[in-house]
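A note on names: the letters A, B, ... follow the listed sequences, proteins ahead of strands, and every chain is numbered from 1.
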There are 2 protein chains.
Amino acid sequence: MSEFNNVTIVREANVYFDGKVTSRTVVLEDGTKKTLGVMLAGDYEFNTDARELMEVLAGEMQVQLPGEEWKTYAAGESYYVPANSSFKLKITGVADYCCSYL
Amino acid sequence: MSEFNNVTIVREANVYFDGKVTSRTVVLEDGTKKTLGVMLAGDYEFNTDARELMEVLAGEMQVQLPGEEWKTYAAGESYYVPANSSFKLKITGVADYCCSYL
């Protein structure tokens with residue numbers, strides 16, 4: 001297990017796609033924001049404002065980044081999503097992730 | 001929105017019932033433990049070690065506490081679950097909750 005210390009966490013969940021994707025917002029001491037989330041089986045598309053680092057904590061994600069082929073990321077792997085863009089995901093099991101807003 | 005400050009959060013999710021119930025563990029400055037979780041539609045039963053305070057943050061929960069009738073708790077309401085017992089839940093939508101281990 002890994003953890004974030006001395007952070008602020010927003011109690012209320014962020015809920016998307018009827019709860020198939022949910023996350024909690026965490027603000028670190030330096031003010032940077034992350035979300036810790038879970039994606040259940042399904043196909044999703046998300047837009048980005050800031051550039052994002054997506055770390056797969058458990059499970060796996062099939063991801064299509066803008067202009068790229070579909071690629072599978074497993075637990076321990078990560079990918080960057082450009083700012084002001086969108087990315088598609090196909091989830092088959094349960095994916096646990098950490099998203100950092102850069 | 002409400003928040004917890006100066007806490008530790010475990011990055012990896014707690015996953016139950018194939019992801020239909022997931023939560024994150026939060027440890028407060030005084031060492032007390034809480035989980036922030038989401039329950040999707042389904043019927044569940046959980047056991048308790050410590051006495052628990054369950055606060056419904058969003059959505060609603062139908063709950064059967066030990067030896068009691070089924071009762072519905074909506075957002076803003078809460079209930080205690082005795083230590084070393086179990087409780088049943090029926091969730092119809094998406095329930096967001098905070099569990100405090102007392």
Region of A/L40 that comes under 4.5 Å of a non-hydrogen atom in chain B: side chain
Report the distance from atom NZ of A/K33 to atom CG of A/L28, rounding to the nearest 0.5 Å. 12.5 Å
Would you check if B/K88 and B/D43 make a side-chain contact, meaning some heavy-atom pair closer than 4.5 Å? no
Rounded to the nearest 0.5 Å, what's the gap from CG on B/N14 to CZ on B/R24? Could you check? 8.0 Å
Considering only heavy atoms and a distance below 4.5 Å, find which of B/N5, B/N6, B/I9 pairs most often with chain A. B/I9
Within the structure provided, determine whether B/M54 and B/M61 are in side-chain contact (heavy-atom separation under 4.5 Å). yes
Minimum heavy-atom separation for B/K34 and B/S100, please, with both atom names. NZ-OG, 2.7 Å
Bottom line for A/V10: the part with an atom under 4.5 Å from chain B's heavy atoms is both
Out of A/T22, A/L36, A/V38, A/V15, which one racks up the most heavy-atom pairs below 4.5 Å with chain B? A/L36
Honestly, the part of A/S2 sitting under 4.5 Å from a heavy atom of chain B is both
Contacting region of A/A58 [heavy-atom separation from chain B under 4.5 Å]: neither
Give the member of B/V26, B/L57, B/D18, B/V27 that has the highest number of heavy-atom pairs under 4.5 Å with chain A. B/L57
So which bits of residues 68-87 of chain A come within less than 4.5 Å of chain B, counting non-hydrogen atoms only? none
Which atoms form the tightest heavy-atom contact between B/A50 and B/T48, and what is the distance? O-CB, 3.5 Å
Can you pull out every salt bridge (Lys or Arg N to Asp or Glu O under 4.0 Å) where at least one residue sits in residues 44-59 of chain A? Sequence neighbours excluded, please. A/E55-B/R11
Just say parallel, tilted or perpendicular for the rings of B/F17 and B/Y44, cut-offs at 30° and 60°. tilted
Please find the pair of heavy atoms, one from B/K20 and one from B/A41, that lie closest to each other, and give the distance. CD-O, 3.9 Å
